[in-house]
Number of protein chains: 2
Amino acid sequence: MGRNAQFKNEEFIDAALKIAADHGPAAVTIAAVAREVGAPVGSVYHRFLSRDVLMAEVWLRVVVSFQEAFLAALEKGEGIEAALHTPRWVRQHSAEARILLLYRREELVTGAWPEELKERVLAIKRRLDGGIRNYAERTFGKAGREDINRTVFALIDVPYAAVVRYIRLGKKPPRSIDGYIMQTYFTIMGRKK
Amino acid sequence: MGRNAQFKNEEFIDAALKIAADHGPAAVTIAAVAREVGAPVGSVYHRFLSRDVLMAEVWLRVVVSFQEAFLAALEKGEGIEAALHTPRWVRQHSAEARILLLYRREELVTGAWPEELKERVLAIKRRLDGGIRNYAERTFGKAGREDINRTVFALIDVPYAAVVRYIRLGKKPPRSIDGYIMQTYFTIMGRKK
DNA sequence: GTTATATTAGAATGTATATTCTAATATGTC
DNA sequence: GACATATTAGAATATACATTCTAATATAAC
């Protein structure tokens, strides 16, 4: 009952994502989002409790998009594939990559994390932590603090480092960095498998 | 002639730096800086043309502080020392490190870079680029695009990646990362020297 | 066709801050 | 001591947004 919606929630998230990727999170004003969609300001608030909630949805979408394949590789025990997932995903998802790797959560969601979304964020974090810990155990046997640090470094930090410079320039990371990531992976994690 | 100053320009830069490191660049309002120093708002504008100019000074101070020893090591041909400078500097300069590694220039200086400071920024950038290129030439002979990429990766990107996770947590980077940085350096740059 | 209501529309409001302005206050120079 | 002016003081102004509000509109249910 009631009038049919003219826009979909997704459209607003898309618009916010696009604006954030193109001009930075500060450019994501409610008015700008509404303009991009062609909707009135009120329609944004009809769907999202606040700007923070909207931006949180943007963040969640991006993180999930990245983690999906990363964790899948990890769960199959394919560490190299997981490490190389970063440059590959970045090449395929420029806008999302800019958001995930160029900004911090607090730049998108400026206030406290919206209560309704806290659980989803926590679940995502737990899944990533678990995936990493499992992989470290499989690789090193036990998995003490230092084994986990080493795994995070090789699987996340180094691929990020290799890629972020190009994202800043708005360019696709060149193929050569895949080699650096692999070399570093073997150096840090050892050769086995 | 005229009344003696009650505050020094440096005090305002110090205050802005401290606030940015503790609470993020958005917390650096002119009122907050004035409060921190114990000066009136007008005194800030008496010294700095705008918030952007003040923040630019903060940025310049931090960058110079970091680059000094980094370039010195590089010019002496000590690549490992240069690579390890990042974790060492971070341990000694927590506040500066938070600003340099946690935020981007555009988060500090939100508008166009103040005209009067453009030249200083450019000079700094040139000096860093030159130092890197020189070192790549010394190490690889020629120094094509790819040699420079490789050098940047080993000397800057990887040390940054190793360190930034701890900065986010407000912790000092543990000693173990120095080992990762060195291992990666050798893997990427080769063993010689 | 009437009614209830989901949704569109966009104007009005409130707030936070950068910046500007006007007025006091010291201090070096004469 | 009087003057010129660098500096302090802080109130007033302007702007940019997030958020709220009031009013129209279309459609499903009856």
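A salt bridge links B/Arg104 with B/Glu106: the distance from a Lys NZ or Arg NE/NH1/NH2 to an Asp or Glu carboxylate oxygen falls below 4.0 Å. Under 4.0 Å is where a charged nitrogen must lie from a carboxylate oxygen, and between B/Glu115 and B/Lys118 at least one such pair does. Between A/Asp14 and A/Arg61 a salt bridge is recorded (basic side-chain N to carboxylate O distance below 4.0 Å). Look at B/Lys125 and B/Asp129 and you find a salt bridge, because one of the NZ, NE, NH1 or NH2 atoms lies within 4.0 Å of a carboxylate O, short of that distance.
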Let me check something: any side-chain donor-acceptor pairs from residues 79-88 of chain B under 3.5 Å, sequence neighbours excluded? List them with distances.
from: B/Glu81; atom 1: OE1; to: B/Arg88; atom 2: NH1; distance (Å): 2.8

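The closest donor-acceptor contact from the side chain of B/Arg47 to the backbone of B/Phe7 lies under 3.5 Å. In this structure a side-chain-to-backbone donor-acceptor pair under 3.5 Å is present from B/Thr151 to B/Asp147.
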Sort me out a list of protein N/O and nucleotides 1-4 of chain D N/O pairs below 3.5 Å, or just none if empty.
none

Taking only N/O atoms, report every protein-nucleotides 14-16 of chain C pair under 3.5 Å with atom names and distance.
none

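Here C/dT7 presents its P atom at 9 Å from CG of A/Asn9, a figure rounded to the nearest Å. As a whole-Å value, the separation of B/Tyr45 OH from C/dA18 P is 6 Å. Atom C1' of nucleotide D/dT15 and atom CD1 of B/Ile30 are separated by 16 Å, given to the nearest angstrom. Between the P atom of C/dT19 and the CG atom of B/Leu54 lies a distance of 10 Å, rounded to the nearest Å. For the pair A/Leu49 CG and D/dT19 P, the interatomic distance rounds to 8 Å; values are reported in whole Å.
In this structure, A/Tyr103 OH and A/Leu108 CG are separated by 9.0 Å, a value rounded to the nearest 0.5 Å.
For B/His93, the ring-ring contact (aromatic ring centres under 6.0 Å, His included) test picks out B/Trp89, with sequence neighbours left out. Under the side-chain contact (heavy atoms from CB on, under 4.5 Å) criterion, A/Ala32 pairs with A/Ile19, A/Thr29, A/Arg35, not counting sequence neighbours.
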* Asked: In the 5'-to-3' direction, what one-character label does each nucleotide of nucleotides 8-13 of chain D receive under the scheme B = base within less than 4.0 Å of a protein heavy atom, S = sugar-phosphate only, - = no such atom?
  -> BBB---
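B/Val33 comes within contact range of no nucleotide atom at all, as no heavy-atom separation falls under 4.0 Å. Across all strands, B/Val37 comes closer than 4.0 Å to no nucleic acid atom at all (heavy-atom distances).
The aromatic rings of A/Tyr185 and A/Tyr135 are tilted relative to each other, their planes meeting at an angle between 30° and 60°.
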